[in-house]
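What follows is a short report on a single structure.
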Protein chains: 2
Amino acid sequence: MTISRKADYALRAVVILAGSPPDRPMQIQEMAEIGGIPLKFLEQILLMLKRGGLLRSKRGVGGGYHLDKPTRQISVGEIISLIDGGLCNLASSGHEAEAEFRGARGLRDSLSEVDEKVNSRLLSLTIEEILNRDEPDAMLAFGI
Amino acid sequence: MTISRKADYALRAVVILAGSPPDRPMQIQEMAEIGGIPLKFLEQILLMLKRGGLLRSKRGVGGGYHLDKPTRQISVGEIISLIDGGLCNLASSGHEAEAEFRGARGLRDSLSEVDEKVNSRLLSLTIEEILNRDEPDAMLAFGI
DNA sequence: GGATTCCCGACTAGATCGGTCGGGATGGCC
DNA sequence: GGCCATCCCGACCGATCTAGTCGGGAATCC
């Protein structure tokens, strides 16, 4: 019931990117230092995020990564799902033909309900929200 | 973001036990058949549940397992936590000294919030609730 | 004392996690 | 065209975890 370290790194990377001036791309190395992430491992992760359509990259001098969408359109759930291959799934822990005993349905349904609540929250939790949360002043400034 | 198969088996076992006549203990083998759980594996699991204070056992002919608490006092969270060694923990995925970048706190706090919601729900979800859910009639009978 | 049932530690094959390594492809600059 | 920066990408690897299996011991009851 955790996310992988990889997914955690991915979240950090996106947050770091989102919290930096958008006028120039950021290099892997800089992200690695800021986030405390092993460089070569981060490379893999960024590649996955790129393939998932969240990031865009540029090579050569002055190259690096930047977001491909506004922060309000990137969700935590999206990132976790992309990296770990899915979100919360308590209900069917790798099962096909479920045994049928008294209470089996209740159990399955109850767990599914938790899954749905968690996942819908994770999918609605945006990077924008996370950054705003870090600086409550900004929210006041916008009169929110 | 799943529970282990072991925890899933544990949940089934408890539900099976809770959904059976409480006048006589149930044997491991019967539970294994009903729940579709490998016998020797289930043995280990039941032992853990017993050590955790959820079950009580009796040896010899006519022996077996039975619950040690009323179903309304056994929660899904309790069982998962006992077997898997913890509940939902998205926030600190094995980390100590957190890196401090812009948005780091917001990220951590947002994930913690999800953790808390999930865990409090899992701890409040009782076996009684699961069984009642399986047979909505019973709830009507009690005028709930 | 023998049948039945739980108790319990040791072992294991395979998957997954959390990376590392080495080099290739591409873009920009002179 | 040469060179450097930077991203791209597949192969590999040790440690840990998962999902069990195995074999026998201990209590209980007749």
Side-chain angles (χ1 to χ4, degrees), chain A residues 1-13 17 24-33 35-68 80 83-86 89-90 92-96, chain B residues 1-13 17 24-33 35-68 80 83-86 89-90 92-96:
Chain A
M1 269 198 102
T2 66
I3 56 176
S4 68
R5 193 97 129 208
K6 201 168 181 176
D8 184 60
Y9 288 157
L11 289 173
R12 291 197 219 176
L17 228 41
R24 58 174 174 84
M26 181 179 272
Q27 289 131 25
I28 298 181
Q29 185 168 0
E30 191 180 352
M31 276 188 259
E33 284 165 5
I37 308 171
L39 180 70
K40 296 294 280 183
F41 198 28
L42 181 56
E43 272 190 23
Q44 289 183 22
I45 293 166
L46 293 173
L47 224 33
M48 293 180 77
L49 292 173
K50 183 192 169 178
R51 291 187 182 129
L54 296 180
L55 266 43
R56 198 173 282 269
S57 65
K58 215 180 141 194
R59 297 201 244 206
V61 181
Y65 279 95
H66 58 94
L67 299 181
D68 198 26
I80 294 177
I83 301 292
D84 285 349
N89 188 1
L90 309 179
S92 62
S93 297
H95 261 267
E96 334 72 42
Chain B
M1 270 196 103
T2 65
I3 56 177
S4 68
R5 194 96 129 209
K6 202 169 180 175
D8 185 60
Y9 288 158
L11 289 173
R12 290 198 221 175
L17 227 39
R24 57 174 176 84
M26 181 178 271
Q27 289 129 28
I28 298 182
Q29 185 169 1
E30 191 179 352
M31 277 188 257
E33 284 165 4
I37 309 171
L39 180 69
K40 297 295 279 180
F41 198 28
L42 181 57
E43 272 191 25
Q44 288 183 22
I45 295 166
L46 293 174
L47 224 33
M48 294 181 75
L49 293 174
K50 183 193 169 177
R51 290 185 182 129
L54 296 180
L55 266 44
R56 198 174 280 270
S57 64
K58 215 181 141 191
R59 296 200 244 207
V61 181
Y65 278 95
H66 58 96
L67 299 181
D68 197 24
I80 294 177
I83 300 292
D84 284 349
N89 188 1
L90 308 179
S92 63
S93 297
H95 262 267
E96 334 73 39

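Each chain gets a letter, A, B and so on, in the order the sequences are listed, and its residues count up from 1. Fair warning: this is a prediction, and the values are worked out from it, not measured in the lab.
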Kindly say if Lys6(B) contacts the phosphate of dT18(D), meaning a side-chain N or O under 4.0 Å from OP1 or OP2. no
Please name the residue in the list Arg51(A), Gln44(A), Glu43(A) that meets the side-chain contact (heavy atoms from CB on, under 4.5 Å) test with Leu47(A). Arg51(A)
Quick one: label Ile28(B) by what it contacts on the DNA or RNA (base, sugar-phosphate, nothing), any heavy atom closer than 4.0 Å. sugar-phosphate
For Leu49(B) and dC6(C), give me the distance from atom CG to atom P, rounded to whole Å. 14 Å
Considering only heavy atoms and no angle criterion, is a donor-acceptor pair shorter than 3.5 Å present between the side chain of Glu43(A) and the base of dC9(D)? yes
What I'd like to find out is whether the side chain of Met1(A) reaches to under 4.5 Å of the side chain of Leu90(A), using heavy atoms alone. yes
Rounded to the Å, how far apart are Leu39(B) CG and dA19(D) P? 18 Å
Do the side chain of Lys58(A) and the base of dG28(C) come within less than 3.5 angstrom through a donor-acceptor pair of N or O atoms? no
Counting C-beta onward and ignoring hydrogens, is there a side-chain heavy-atom pair between Leu49(A) and Ile83(A) closer than 4.5 Å? yes
Met26(B) CE - dT5(C) C1' separation (whole Å): 15 Å
In terms of the nearest nucleotide of DNA chain D, which residue is placed more toward the 5' end: Phe41(B) or Leu47(A)? Leu47(A)
What's the CD1-P distance between Ile45(A) and dG19(C), to the nearest Å? 9 Å
With sugar-phosphate meaning primed atoms plus P, OP1 and OP2, does Gln29(A) contact a base, only sugar-phosphate, or nothing at under 4.0 Å between heavy atoms? nothing
To the nearest angstrom, how far is Asp8(B) atom CG from dG20(D) atom P? 11 Å
Check whether any side-chain heavy atom of Tyr9(A) sits under 4.5 Å from a side-chain heavy atom of Leu46(A), and report yes or no. no
Please check the phosphate of dG19(C) (OP1 and OP2 only) for any side-chain N or O of Tyr9(A) closer than 4.0 Å. yes
Atom pair distance, as rounded to whole Å: NE2 in His66(A) and C1' in dC7(D): 13 Å
Indicate yes or no for a side-chain donor-acceptor contact from Asp84(A) to the backbone of Ile3(A) under 3.5 Å, with no hydrogens or angles considered. no
With a 3.5 Å cut-off and just heavy-atom distances, do the side chain of Gln44(A) and the base of dT20(C) make a donor-acceptor pair? yes
When we call it a touch if two heavy atoms are under 4.0 Å apart, what does Arg51(B) touch: a base, just sugar-phosphate, or nothing? sugar-phosphate
Donor-acceptor pair under 3.5 Å, Arg59(A) side chain vs dA5(D) base: no
Provide, to the nearest angstrom, the distance between the CD1 atom belonging to Ile3(B) and the P atom belonging to dA19(D). 10 Å
Ignoring hydrogens and angles, does a donor from either the side chain of Lys40(B) or the base of dG23(D) sit under 3.5 Å from an acceptor on the other? yes
Within this structure, what is the CZ-to-P distance between Arg5(B) and dT21(D), rounded to whole angstrom? 11 Å
Report yes if at least one side-chain N or O of Ser4(B) is closer than 4.0 Å to OP1 or OP2 of dC17(D); otherwise report no. no
